[in-house]
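So you know, we letter chains A, B, ... as the sequences are listed, proteins then strands, and number each from 1.
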Amino acid sequence: MPIILLLLAGFVAPLLAVVAFSFMPERSFSIWQAPTLQNYEVIFNSTNYISFLWSLGLATVTVLILAVICYPIAYGLTYVFGKWAMVLMLLFTIPLFVSENVRLYGWVLFLIKNGVLLGTMKSLFGVDLSSILFTKTAIIIGMVYVYFPFMLFPMTLGVSMVPNEARDAAYDLGASRWQVFKEIELPLAMPGIMIGFLLTFVLAVGAIAEAKVVGGQQIIPITHDIEIAFTYAQNWPLGAALSVLLMIVVGALVLLVLRRFDLDRVLGRR
Amino acid sequence: MKSAGQRSRHALIVVWTLAAVVFLYIPTVCIVLASLTDSRYFVFPIPRWGFGWWQKTFDSFQTWQLLDTSVTIALCVMVISVVIAFFGALAFARYDWTGRSIYQKLVLLPIFFPQAVLGLALLLWFNALGMELSWKSAIFAHLVWIVPVVTLVISIQVYSFDPALEEAAFDLGASRWQVFKEVTLPVLFPGIFSGCLFAFLLSWGNFPLSLYTTGADTTVPEFLYAKMVAGYTPGVPVLGTVSTIGAIVLLLGGYALITLIRHARQAREE
């Protein structure tokens with residue numbers, strides 16, 4: 001199985017290397033030294049937890065906003081748009097393949113003072129507004145924007161798993177629109193929705209570019225702390241220890257959610 | 001018959017979805033606009049339009065070198081990942097074997113993993129192995145993340161594949177290789193083809209994995225990021241536009257090709 005070999009050499013081994021590095025003394029560049037817990041002590045006595053909280057908080061907000069934005073679209077793609085659904089899917093897919101940086105930079109050009117939005121407002125209406133670029137709002141816009149497809153596609157998969165018969169039956173039995181949504185659609189679409197939540201949350205926790213490009217470093221996410229430790233500070237073991245903590249949070253969540261689903265059923269519904 | 005309530009709900013969903021499309025394409029439009037300015041700084045409305053920066057960008061040797069590196073990596077990733085993922089997908093969706101459900105979840109893990117952390121982990125791992133970093137190590141890094149995605153893409157096609165087709169061919173006296181070449185491959189072709197597209201495009205646009213694993217070589221997204229952080233030049237929107245147009249053309253071209261093939265096959269069957 002070549003795929004297993006690839007994952008062993010390219011995924012499992014690097015993660016083990018990170019774990020090994022996290023137990024090395026400060027500022028060392030090899031893993032052949034006596035292990036120590038010093039890096040974890042440093043982390044627990046520092047303010048790194050603030051970055052952790054920011055990352056988790058931003059990811060939660062992103063997931064919630066995207067859930068509200070994407071559900072009607074997923075529903076529409078399955079039941080309303082008919083043959084246009086394919087075209088819309090294509091439109092939603094294209095941005096996935098353009099580098100995240102480039103697209104976030106587009107937001108900078110849109111939001112910046114004298115940029116596309118404010119420049120237009122100024123020249124057309126003569127209003128001079130202040131820019132929301134480099135604020136927390138901008139970061140959230142950026143994250144909602146970048147992770148949109150990661151929520152939409154699994155959710156659409158989930159919504160399309162709801163059989164029409166179940167919905168019709170509920171209506172025939174006199175259920176209201178809201179009851180059908182709550183009692184039939186939501187539970188049956190749950191596997192797809194949960195995978196969408198998980199994917200979005202995990203990717204958003206690991207996000208770094210949004211805070212940097214559109215956020216003007218207003219918020220320091222945990223990934224930034226990790227990067228600083230690796231680059232400027234040249235303290236690989238500290239960065240590795242921070243990564244391990246992030247991996248534990250993410251890994252626990254992924255395993256918890258994935259364990260509950262039979263992937264054959266989610267993917268092979270046809 | 002649709003009720004009035006249903007119709008107005010559907011209208012709302014249409015408006016909502018179109019708003020999402022607009023939201024998704026705001027930054028792209030901004031990047032294109034910014035590349036068409038002739039002044040050194042971006043102001044909107046654009047005072048002087050022109051292709052000056054396009055010319056400057058394409059006259060530079062560095063641009064071609066960046067494109068060369070990015071395309072080379074993407075092509076290698078495409079070929080290798082589709083071969084690995086094809087067999088991975090058969091095991092994923094087709095054959096029953098012990099350990100399959102664990103395998104299914106393991107294969108998906110890298111997708112659910114923050115790429116920036118994965119990039120760093122790979123950097124540590126390459127370092128522990130004493131490997132020199134270059135575009136070749138970047139290929140490996142891309143594979144770790146892209147092979148699972150492509151496996152998933154091809155799996156969806158495999159799920160809809162009726163194994164009876166293969167059995168019929170065996171019954172008619174075809175050899176194993178003939179069945180593979182004449183039945184399995186053609187039937188799964190659309191999945192393999194979209195796998196190719198996904199692999200190429202995801203590698204083309206990837207930033208977090210490239211950042212840590214390319215060593216002295218630079219890809220387009222990396223270069224753009226460096227320029228964005230270091231200060232604006234209209235060369236950034238130009239390369240950004242090129243990268244976007246490349247992705248759009250490939251995706252639409254690929255989609256058109258798939259549709260053509262599907263129509264041709266349907267016509268033949270009728």
Top contributor to chain A contacts, counting heavy-atom pairs under 4.5 Å, from [options]:
options: B:Leu106, B:Leu109, B:Val236; answer: B:Leu109
options: B:Val32, B:Leu124, B:Val144; answer: B:Leu124
options: B:Pro221, B:Ala141, B:Ser101, B:Pro27; answer: B:Pro27

* Report yes if the distance between the aromatic ring centroids of B:Phe198 and A:Phe97 is under 6.0 Å, otherwise no. => yes

* Aromatic ring proximity B:Phe23/A:Trp107, centre distance under 6.0 Å -> yes

Can you tell which part of [X] gets under 4.5 Å to a heavy atom of chain B, answering side chain, backbone, both or neither?
X: A:Leu246; answer: side chain
X: A:Ala9; answer: both
X: A:Leu88; answer: side chain
X: A:Tyr75; answer: side chain
X: A:Phe201; answer: neither
X: A:Phe148; answer: side chain
X: A:Lys122; answer: neither

Looking at chain B, which one of [options] has the largest number of heavy-atom pairs inside 4.5 Å, strictly under?
options: A:Leu96, A:Leu199, A:Thr223, A:Leu104; result: A:Leu199
options: A:Leu198, A:Leu203, A:Leu253, A:Val12; result: A:Leu198
options: A:Ile69, A:Val254, A:Val250, A:Val144; result: A:Ile69
options: A:Gly76, A:Ser243, A:Pro95; result: A:Pro95
options: A:Pro14, A:Gly206, A:Gly106, A:Ala204; result: A:Pro14

Which pair of heavy atoms, one from [X] and one from [Y], lies closest together, and at what distance?
X: A:Val116; Y: B:Cys30; result: CG2-SG, 3.7 Å
X: A:Leu6; Y: B:Leu143; result: CD2-O, 3.8 Å
X: B:Ala34; Y: A:Leu109; result: CB-CD1, 3.5 Å
X: A:Gly10; Y: B:Leu122; result: O-CD2, 3.5 Å
X: A:Asn101; Y: B:Met228; result: O-CE, 3.4 Å
X: A:Ile94; Y: B:Tyr25; result: CB-OH, 3.5 Å

Tell me, do [X] and [Y] make a side-chain contact under 4.5 Å, heavy atoms counted?
X: B:Phe207; Y: A:Ile208; value: no
X: B:Asn127; Y: A:Trp236; value: yes
X: A:Val18; Y: B:Trp125; value: no
X: B:Tyr255; Y: A:Leu90; value: yes
X: B:Pro114; Y: A:Val202; value: yes
X: B:Phe112; Y: A:Leu255; value: no

Which atoms of [X] come close to chain A, meaning under 4.5 Å heavy atom to heavy atom: side chain ones, backbone ones, both, or neither?
X: B:Leu251; value: side chain
X: B:Ala247; value: side chain
X: B:Phe113; value: both

From [X] atom [atom1] to [Y] atom [atom2], the distance as rounded to the nearest 0.5 Å:
X: A:Leu7; Y: B:Thr151; atom1: CG; atom2: OG1; value: 8.0 Å
X: B:Phe223; Y: A:Ser99; atom1: CZ; atom2: OG; value: 13.0 Å
X: B:Tyr225; Y: A:Tyr105; atom1: OH; atom2: OH; value: 12.5 Å
X: B:Leu118; Y: A:Phe11; atom1: CG; atom2: CZ; value: 6.5 Å
X: B:Leu33; Y: A:Phe110; atom1: CG; atom2: CZ; value: 11.0 Å
X: B:Leu120; Y: A:Glu227; atom1: CG; atom2: CD; value: 7.5 Å

* To do: Determine, stepwise, if the pair A:Tyr79 / B:His10 fulfils side chain to side chain contact (heavy atoms under 4.5 Å, CB included).
  => CA-CA 9 Å; A:Tyr79 299 111; B:His10 284 187; 5.6 Å; no

* Asked: Would B:Val14 and A:Phe81 satisfy side chain to side chain contact (heavy atoms under 4.5 Å, CB included), going step by step from the backbone distance to the final call?
  -> CA-CA 8 Å; B:Val14 171; A:Phe81 298 121; 3.6 Å; yes

* **Exam field: side chain B:Trp204 to backbone A:Val98, donor-acceptor pair closer than 3.5 Å** => no

* Has B:Lys136 got more than 12 heavy atoms of other residues, nucleotides or ligands less than 6.0 Å from its NZ? -> no

